[in-house]
Amino acid sequence: MPTKPGDISEANAHLIGWWLQLLATGAYFVYLPHCLIILSKKLRHGMSPWLPAACFVIFAATVLDFVVGFIRTYQGYSVHGTERPNPEALYADPSSTLSLLKNAMNIVVAIISDAIIVYRTFMVWNMNVWIILAPVGLLLGDTAVGIWAVWTLAQTGPGTIPILAAVSVRIRYFFIITFVLNILCSGLICYKIWRIQSKVTRDYTGQRSSTSRVLEIIIESASIYCAHLLVLIITNGLGTNYFFMFLDPLPPVGAYVFSMLIVRTRAQNNDNGTSVASTTIRFRGSRSTRPPIAVGVEIDLERVVDTESVTSPTRMYDPRRGTHMYLAQDKDLAQDKDSI
């Protein structure tokens, strides 16, 4: 199949994409055991089963996508008797069963990841329904466009250039909506954490480097996933086969980013011996004129926790009760933080 000058052939793009998928899948499998340990501990502490269920679906979709990618690569580049490999013939039929299955897994992992970050935004903003109206609308639109894209792919006949076909436009719409959704939710989460941390830092630990806070927010947010989506949108819009290099490893990249957020979960031991399982964003004061006090803001997928060590209480928002609970024995400083 002819390619534009300066472009890569579709077969070579899929081959490089398969190598990238191997690397991303390996990184995901390295994190997976730690995720299972953390999820089992959180389940024993009464966590709702939705998060383990989402993790299982993402794991199943990633493994299935890996198996399909392996079969397609073997079929395209294996030698049968005296016949030379012809990967172009394999990838010339985008509506084949394996192609539909692989692209469906891309859609499934992206939609689940979107649902998780929407729910995470909902909990960070203390279950404020108005905050998530736009993200939920984007999530519903994303799901509809994803289903539309898979259906369009099934109608695409053999011999069509996929990157120039109508399905490419549908996929572009899907990734644009996903990108906007992730940027919006990440922005809302980062703004909430930044605002709380600024108040806590000003009241208790003095000034702190803005650069360090920005770097921590970038690390803790889904910036890797958002950057991957942006590359997909750009390469798709340019109509280049380089798009397939980044499309193939999308499921393990999404699974890896989500697992990395879970792995950063840890048990916070408080003064009274209570163990609080919290997830992701934590900041520490870097300069203070007072004795060292570690001030933190921790965001769990199911609750918001403000923590301080030694002399300060731990405040935890419990969505089931709709109230804040202080876990430290010394509650004198709690009155000063009720407005945060």
I would like to know whether Arg172 and Leu232 meet side chain to side chain contact (heavy atoms under 4.5 Å, CB included); could you show each step before the answer? CA-CA 8 Å; Arg172 189 187 315 155; Leu232 288 173; over 6 Å; no

Of all heavy-atom pairs linking Val253 and Ala24, the shortest is CG2-CB, 4.0 Å

Answer with yes or no whether the hydrophobic clustering places Val257 together with Ile112; edges join I, L, V, M, F, W, Y residues whose side-chain heavy atoms lie under 4.5 Å apart. yes

Compare every heavy atom of Leu20 with every heavy atom of Met245, then report the nearest pair and how far apart it is. O-CD1, 3.6 Å

Please step through side chain to side chain contact (heavy atoms under 4.5 Å, CB included) for the pair Trp130 and Trp125, ending with a clear verdict. CA-CA 10 Å; Trp130 297 102; Trp125 281 85; over 6 Å; no

For the residue pair Phe29 and Phe66, categorise the inter-ring angle as parallel (less than 30°), tilted (30 to 60°) or perpendicular (more than 60°). perpendicular

Taking it one step at a time, do Ile38 and His34 satisfy side chain to side chain contact (heavy atoms under 4.5 Å, CB included)? CA-CA 6 Å; Ile38 291 174; His34 199 170; 3.7 Å; yes

State plainly whether one hydrophobic cluster holds both Phe174 and Trp148, where clusters connect Ile, Leu, Val, Met, Phe, Trp and Tyr through side-chain heavy atoms under 4.5 angstrom apart. no

Taking the six-membered ring for Trp and the single ring otherwise, decide whether the centroids of Phe244 and Trp18 are under 6.0 Å apart. no

Between Ser9 and Asn241, a side-chain donor and acceptor under 3.5 Å: no

When hydrophobic residues are tied together by side-chain contacts of less than 4.5 Å, even through go-betweens, does Leu22 share a cluster with Val30? no

Hey, any chance Leu32 and Ile224 share a hydrophobic cluster, counting ILVMFWY side chains that come within less than 4.5 Å of each other, even indirectly? yes

CD1 (Ile131) and CG (Leu184) are apart, to the nearest 0.5 Å, by 9.0 Å

Would you check if Leu188 and Val124 make a side-chain contact, meaning some heavy-atom pair closer than 4.5 Å? no

Gap separating the CG atom of Leu101 from the CZ atom of Arg72, nearest 0.5 angstrom: 10.0 Å

Mind listing the closest non-hydrogen atom pair of Phe179 and Leu230 along with its distance? CE1-CB, 3.9 Å

Drop me the distance from Leu181's CG to Leu140's CG, to the nearest 0.5 angstrom. 10.0 Å

Check each of Asp248, Leu238, Ile233, Asn236 against Phe243 using the side chain to side chain contact (heavy atoms under 4.5 Å, CB included) test, and report the only one that passes. Asn236

Is there a side-chain contact between Ser99 and Ser96 in this structure, where contact means two heavy atoms from C-beta onward sitting under 4.5 Å apart? yes

To the closest 0.5 Å, what do you measure between OG1 (Thr152) and CG (Asn103)? 11.5 Å

Any donor and acceptor pair, going by atom type alone, linking the side chain of Asn12 with main-chain N or O of Ile8 inside 3.5 Å? no

Look at the aromatic rings of Phe122 and Tyr119 and report parallel, tilted or perpendicular, splitting at 30° and 60°. tilted

In one Ile/Leu/Val/Met/Phe/Trp/Tyr side-chain cluster, 4.5 Å: Ile234, Ile171: yes

Leu247 side chain near His14 side chain, heavy-atom distance below 4.5 Å: no

Shortest non-hydrogen contact from Cys185 to Thr121? CB-OG1, 3.2 Å

Smallest heavy-atom separation, Tyr91 atom then Glu10 atom, equals O-OE2, 3.4 Å

Students often mix this up, so state it plainly: with edges at 30° and 60°, are the rings of Tyr256 and Tyr31 parallel, tilted or perpendicular? perpendicular

To the closest 0.5 Å, what do you measure between CD1 (Ile116) and CG (Asn182)? 11.0 Å

Keeping the roles fixed (side chain from Ser40, backbone from Ile37), state whether a donor-acceptor pair exists under 3.5 Å. yes

Which heavy atom of Asp114 sits nearest to which heavy atom of Ile117, and what is that distance? O-CG2, 3.2 Å

Measure the spacing between CG of Asp7 and OH of Tyr242 and express it to the nearest 0.5 Å. 6.5 Å

Could you go step by step and tell me if Tyr173 and Thr178 meet the side chain to side chain contact (heavy atoms under 4.5 Å, CB included) rule? CA-CA 9 Å; Tyr173 292 159; Thr178 300; over 6 Å; no

Option from Leu250, Val145, Val150 for which side chain to side chain contact (heavy atoms under 4.5 Å, CB included) with Ile107 holds: Val150

